[in-house]
Each structure stands twice: as structure tokens, then as C-alpha cells.
Amino acid sequence: MIGRAGAALAAAVTTALLLAACGSSQTAPGTRPSPPAAPGQIGSYKVGTPYQIRGVWYHPVVDYRYNETGIASWYGPGFHGRLTANGERYDQHDLTAAHPTLPMPSLVRVTNLENGRSLKLRINDRGPFANNRIIDVSQRAAQLLGFERQGTASVRVEVLEEESRQLAAIARGEQAPPPRQPAPEVQVAAAPVETVQREQVPPPAQVQPAQAAPAPAPAPQAPQPDGVVTQEPVRPTSLFIQAGSFTEYGNASRLAERLTPHGSVQIEPAAVEGRSFYRVRIGPMASVDQADLLLDRLISDGYTESRVIVQ
């Protein structure tokens, strides 16, 4: 039998390992935490300035075209009840998530590429900072997306522009833009009829008594995740480490040559908003664990822009 002290130590080690596996969200260094938000309300609007954690720089930015793939993790025990980076009280049962660079709050769609499950989540925290994960979702979100037990999953994260703009305006105390309305259908008028028609003259207008001023319009409601899980088609995917992206092929070629000892290196051309890029990638990786080991090695060797992608 082990003593009480030994049992306590074992429990502490187990808890630490669980938190490390599930991700680690935290307030970025050098920033002041936002004041607590009122219960049931979204926190303050925050983008933030560039910050560095474990040798990796993160650059927060407003990006309504954000659409990236990577590895997701989840967090819950040990963080439940703490303040998030934008002043909310973290609830592991809510449909929220932490992201290293997107504005808070933002609304995103997260799709588990391994099983096709897709869900809307609200960004209200910073992180994760372990193994260059792309997003850290709440425990409830991990359950609905189907990766709570395995701890991680290959995902796609897409910003929902309209809802995110509305969230940003409400969090800043501004008038939220109205939801976009579908374009009206074009009506084709009938050909005119060449006949004389009699019209009834309306009676004189009646003077109406003064009406009370209309009640003020209710405050706009912040868009929230609806909790609806949709199912998308599943296609085969592979894991790669992207070590750099260049507009000049020569720069990509030189990096690829230096990375040859680390594995199979590829230079993949890509077009982004009319510009040509050359992405230097290593892979495919056999597993997330293998990708994590190579990523740690590359970052330690100074390739701090490296990240895991799913293709």
C-alpha cells in the first residue's frame, strides 16, 4: 500500500499528464487579462499584439477568410471556471474554443476530417500552445465532434464572417450589422393593356389621433453556436509538416535541400488570392505522434514557422 502523500503525488502526476494531452490554453504573455464578463454575456473584444511562446511567434489578426487545417485538441479539467483571455468564465460544457490568433469573440465552423462531423464554436480564449495545435475546443465540443477519447483529431477551421462581424460589433458596444438578406427575385411585369379603366376615388383621409412613440427595438442578440452537428463526406487525408511558404521558388528549393535529412521533402505550388506560393512540406507522417516529434525537432533547429497541416 502507498501512503496518503504517495497517492496525492500520483494523482497530481496523472492530472498533469491529462492536461498536457488535452492542450493548454493560457493568457498570452505580455497582455493584460480582460475584466470578467457578466454571466451569460460574451466577453470583451480582443485581437492583441504578436507574442512568443516556447520560441514560436503568434500574430493575432482579423482574418475573415481564415480557412485552415491542422490538429485539434480539447481542454476542460483544470481550466473549468477560470477566466478566458477575453474575460469570460470558461465552462467546459459550453460550445467554445481557444485559438492562437483569431479575434475574440469569433464564430467558426470546426470539421473533424476523420469522421465528417461539423460544429459551430465561439472563440473566446487563446491557445493551444502545445505541438502547434490549430485549435483547442471545449470538452463538450470534443464529445460532439467525436474525439474526446483519443484527445486529438485532424480538423478544418473556417471563420464564419457574418456572424463574427456581428459578434465583434456587439462585444465593442457598437450597432451590429443586420444579417444579409437573400437577393430579391426579379419580377417581370406583364405587357400593358390598352384600355381605359375607371378608378374609384378614395375618400378623404381621416385625421388620426396622435400615436404614442414606438417602443425601442430590442438589443441585438449575439450569434451563438446552435449545437447542431452536421455530417460531411469523409475523404482520405494525410499529415504533413509545412516548414515554410515562399513566393520565390529558389528560396523554397534551398529550404527543401536543408530539410532532406528529416524525411521526404516536397515543394508544392499554390495560388492564394492571385499570388503564387511554393510550400515546403515533409511527409506524409504515419501518425500525430510522429508529426509531433518531427515538429519539435524542427522548431528546436530554428524552423519556428513549421506547423502540422492536413491534406
Side-chain angles (χ1 to χ4, degrees), residues 23 25 27-28 31 33-38 40-51 58-70 72-75 83-91 94-113 117-129 133-138 140-142 144-145 155-183 217-230 232 272-273 307:
S25 295
T27 301
T31 61
S34 299
Q41 296 185 2
I42 61 175
S44 60
Y45 181 76
K46 179 178 288 188
V47 179
T49 57
Y51 60 96
Y58 299 91
H59 301 270
V61 65
V62 178
D63 183 4
Y64 292 122
R65 297 184 179 181
Y66 184 91
N67 186 337
E68 299 287 348
T69 62
S73 52
W74 66 268
Y75 71 122
L83 290 182
T84 66
N86 75 332
E88 296 182 38
R89 190 70 63 179
Y90 175 67
D91 187 336
D94 286 344
L95 297 179
T96 59
H99 192 276
T101 60
L102 287 177
M104 301 172 288
S106 294
L107 206 67
V108 299
R109 176 172 291 280
V110 180
T111 302
N112 186 342
L113 299 176
R117 296 186 185 181
S118 184
L119 183 68
K120 293 180 181 180
L121 299 176
R122 182 165 54 83
I123 303 296
N124 70 342
D125 207 358
R126 281 284 175 251
F129 305 121
R133 301 288 188 244
I134 192 175
I135 196 170
D136 219 2
V137 307
S138 67
R140 179 56 178 160
L144 293 176
L145 289 169
V155 300
R156 177 178 298 279
V157 179
E158 305 168 80
V159 167
L160 301 177
E161 179 178 356
E162 183 176 343
E163 293 94 328
S164 295
R165 288 185 182 276
Q166 292 176 346
L167 277 174
I170 293 173
R172 291 193 297 251
E174 301 172 357
Q175 181 68 36
R180 294 178 183 174
Q181 300 297 327
Q221 296 296 313
Q224 296 290 349
D226 52 21
V228 175
V229 178
T230 59
E232 300 187 2
V272 180
E273 298 182 359
R307 61 188 180 92

Are Val108 and Glu158 packed together at the side-chain level, in the sense that at least one heavy-atom pair is separated by less than 4.5 angstrom?
no
Heavy-atom side-chain proximity of Asp125 to Asp136 below 4.5 angstrom:
no
Leu167 side, atom CG; Tyr45 side, atom OH - distance, nearest 0.5 Å
10.5 Å
Can you name the closest pair of heavy atoms from Pro60 and Pro100 and give their distance?
CG-O, 4.3 Å
How long is the gap from CD on Gln166 to CD on Gln175, to the nearest 0.5 Å?
10.5 Å
In this structure, CZ of Arg65 is separated from CD of Glu161 (nearest 0.5 Å) by 8.0 Å
Sole residue of Ile134, Val159, Ile135 in side-chain contact (heavy atoms from CB on, under 4.5 Å) with Glu68:
Ile134
Under 3.5 Å, side chain of Ser138 to main-chain N/O of Asp94, donor-acceptor pair present?
yes
Tell me, with the steps shown, if Arg89 and Leu83 meet side chain to side chain contact (heavy atoms under 4.5 Å, CB included).
CA-CA 5 Å; Arg89 190 70 63 179; Leu83 290 182; 3.6 Å; yes
Validation row: Arg117, Leu144 side chains within 4.5 angstrom (heavy atoms):
no
Salt-bridge contact Glu232-Arg156 (side-chain N to carboxylate O under 4.0 Å)
no
Tyr58: which residues meet the ring-ring contact (aromatic ring centres under 6.0 Å, His included) condition with it, sequence neighbours left out?
Tyr51, Phe129
Kindly compute the distance separating CD1 (Ile42) from CD (Gln224), expressed to the nearest 0.5 Å.
7.0 Å
Full working for side chain to side chain contact (heavy atoms under 4.5 Å, CB included) between Glu163 and Lys120
CA-CA 11 Å; Glu163 293 94 328; Lys120 293 180 181 180; 3.8 Å; yes
Between Pro105 and Ser44, which heavy-atom pair has the shortest distance, and what is it?
CD-O, 4.1 Å
Could you go through the side chain to side chain contact (heavy atoms under 4.5 Å, CB included) check for Lys46 and Arg126 one step at a time?
CA-CA 10 Å; Lys46 179 178 288 188; Arg126 281 284 175 251; 5.6 Å; no
Would you say that Ser164 contacts Tyr64 through its side chain, given a criterion of any heavy-atom pair below 4.5 Å between the two side chains?
yes
Taking side chain as C-beta onward, heavy atoms only, is Arg122 less than 4.5 Å from Leu95?
no
Min side-chain heavy-atom separation Leu119-Pro225 under 4.5 Å:
no
From NE2 (His99) to CG (Asn124), nearest 0.5 Å
13.0 Å
Return the CG to CG distance between Leu121 and Leu145, rounded to the nearest 0.5 Å.
6.5 Å
